[in-house]
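Accompanying notes for the structure given below.
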Amino acid sequence: MVATTIPVDAFDLVIIGGTGDLSRRKILPGLFRRMCAGQMPDTARVIGASRSDMDKAGFQAFVRKALEEFAGETQCDDGAVDRFLELIDYETLDVFADDGWKRLKKKLRPDVIRSVYFSVGPSLFGEIARKLSAHGVTDDHSRIVVEKPFGHDLETAKELNAELRACFKEEQIYRIDHYLGKETVQNLMAVRFGNALFEPLWNAQHVDHVQITVAETVSVDGRGAYYDKSGAMRDMVQNHIMQLLCLTAMEPPSKYGADAVRDEKLKVIRALEPVAMDEVVRGQYSAGGDIADYLTHSENPKSKTESFIAMKVKIANWRWAGTPFYIRTGKRLRKRMSEIAIVFKDPPHSIFDGDFNRKGNVLVIRLQPDEGMTLRVTIKEPGPGGMRLTEVPLDMTFAEALGDQVAFMPDAYERLIMDVIRGDQTLFMRGDEVEAAWNWVDPIIDAWQSANDTPSEYDANGSGPEDSLMLLHREGRRWREIKS
Ligand code: BG6
């Protein structure tokens, strides 16, 4: 059974930075897939805008190439690429000059949804916002889409928010965190709030601890200059991992709606306790196989930036007091594996004699790869010879359970762009949420800087630094293995 797709209304989408990497790899192929899925109507138009001096035909050739490279497996009829190219237009635009904006305005239609994707660095956000509104390219109903990094710390995030809010209302600003567009991340809400089974157990009384892991095999090669100023804390924790933490820990919102969900996430961030320095472990990968070490990739031989981080996070509220959330993320680890594991407490009393190697009930929500869920349960070991216990996984891989529906599942970007057109902000970060996240993260980074903290080295293709294992061992717990 293939999922039904409801077409969105007619729209004009301007991609500023239309010839950039994000546009080529994600935005344009994503829109193409939505057209093939019947969701993007042929009344839609996509207008690339960038400094490159090219005409419409030149941009169409650029789009064709992007689709060949990055939309390879899309199921579509033979004429689809040509149909998509008919929806494409282009405008040469120098953000700081006026003439390009005037020409751009003339290209846009008055009666369709108008969205502008800022697919450029954040240093241009303010100027673009001002030019859009000064030239009347956008109006009170238009939407703007901005990408991470949203600020470098609380102060810069506040400045960015102020610049955008000077020209647009919060309801018009769509801040992307692509993790929120991932299927399984949304499934977390479906699992928690669509079943009566889990919610009564989802608290400190029954949950021993939670582990959130986002392990990557990639290095920072090719983006060392950006990454070295950022590190795992700013690149992954402040945004993606905090979103996962919030969705796991939040109270049930009164409904699935933008402000109801975001209010609850914000309450979690505001309830996070400051992190003690001995509860954070930072690491930097060493060389392994043919791949160089972090210092070579970052091109800064003295860099103290972390490519791995593990930490114990405490949420000071009624639901979670006493139940730690352990989070970790890193580059060049053994396997690509992202999951949220809810580790339940043991039953209060065992009625069975004898011992077995109990690991306990664990609910694992696998984000990638192999999206799905596993619940480890205790059962009787089969056969005669008395009551012996063992543990087995109740495993559900979404691809198996849902068949064709998974094959047609949109990736994070295409889903989020369609949400912009539909005007649904549920899966976008609100300004106050971003600021609250920086407010929690900044003191941790400041403390490393004032202590001149040096990250521990860790082996490429391993599980991270030794001290990150100790973070749990010393509390009688252990990380789940990083494996595919
Ligand atoms: C990006 C980070 O936001 O997310 C990258 O900048 C990271 O460093 C990437 O590799 C991970 O995304 P995904 O979807 O591959 O898990």
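When a residue number appears, it is its place in the shown sequence, counting from 1. Just so you know, ligand 1 is whichever comes first in the structure, and atom 1 is the first atom listed for that ligand. For the numbers below, each heavy atom of this structure counts, side chains included, while hydrogens, waters and symmetry mates do not.
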Not counting sequence neighbours, which residues clear side-chain hydrogen bond (donor to acceptor under 3.5 Å, both in side chains) with Arg422? List them please.
Asp419
Residue list, side-chain hydrogen bond (donor to acceptor under 3.5 Å, both in side chains) with Asp94, at least two apart or on another chain
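Asp94: no side-chain hydrogen bond (donor to acceptor under 3.5 Å, both in side chains) contacts found.
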Around ligand 1, what residues show up once you keep those with a heavy atom under 4.0 Å from it?
Lys148, His178, Tyr179, Lys182, Glu216, Arg223, Asp235, Met236, His240, Lys331, Arg336, Gln368
Between Arg64 and Glu68 (salt bridge meaning N to carboxylate O under 4.0 Å), is one present in this structure?
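The answer is no: the pair does not qualify as a salt bridge.
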Looking at Phe150, does the NZ or CZ of Arg175 lie under 6.0 angstrom from its six-membered ring centre and within 45 degrees of the ring axis?
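The answer is yes, since Arg175 meets both limits relative to Phe150.
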Phe59: which residues meet the ring pair (Phe, Tyr, Trp, His ring centres under 6.0 Å) condition with it, sequence neighbours left out?
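Partners of Phe59 by the ring pair (Phe, Tyr, Trp, His ring centres under 6.0 Å) criterion, ordered by chain and then number, come out as Phe62, Tyr90.
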So, His209 versus Tyr326, ring centres under 6.0 angstrom or not?
yes
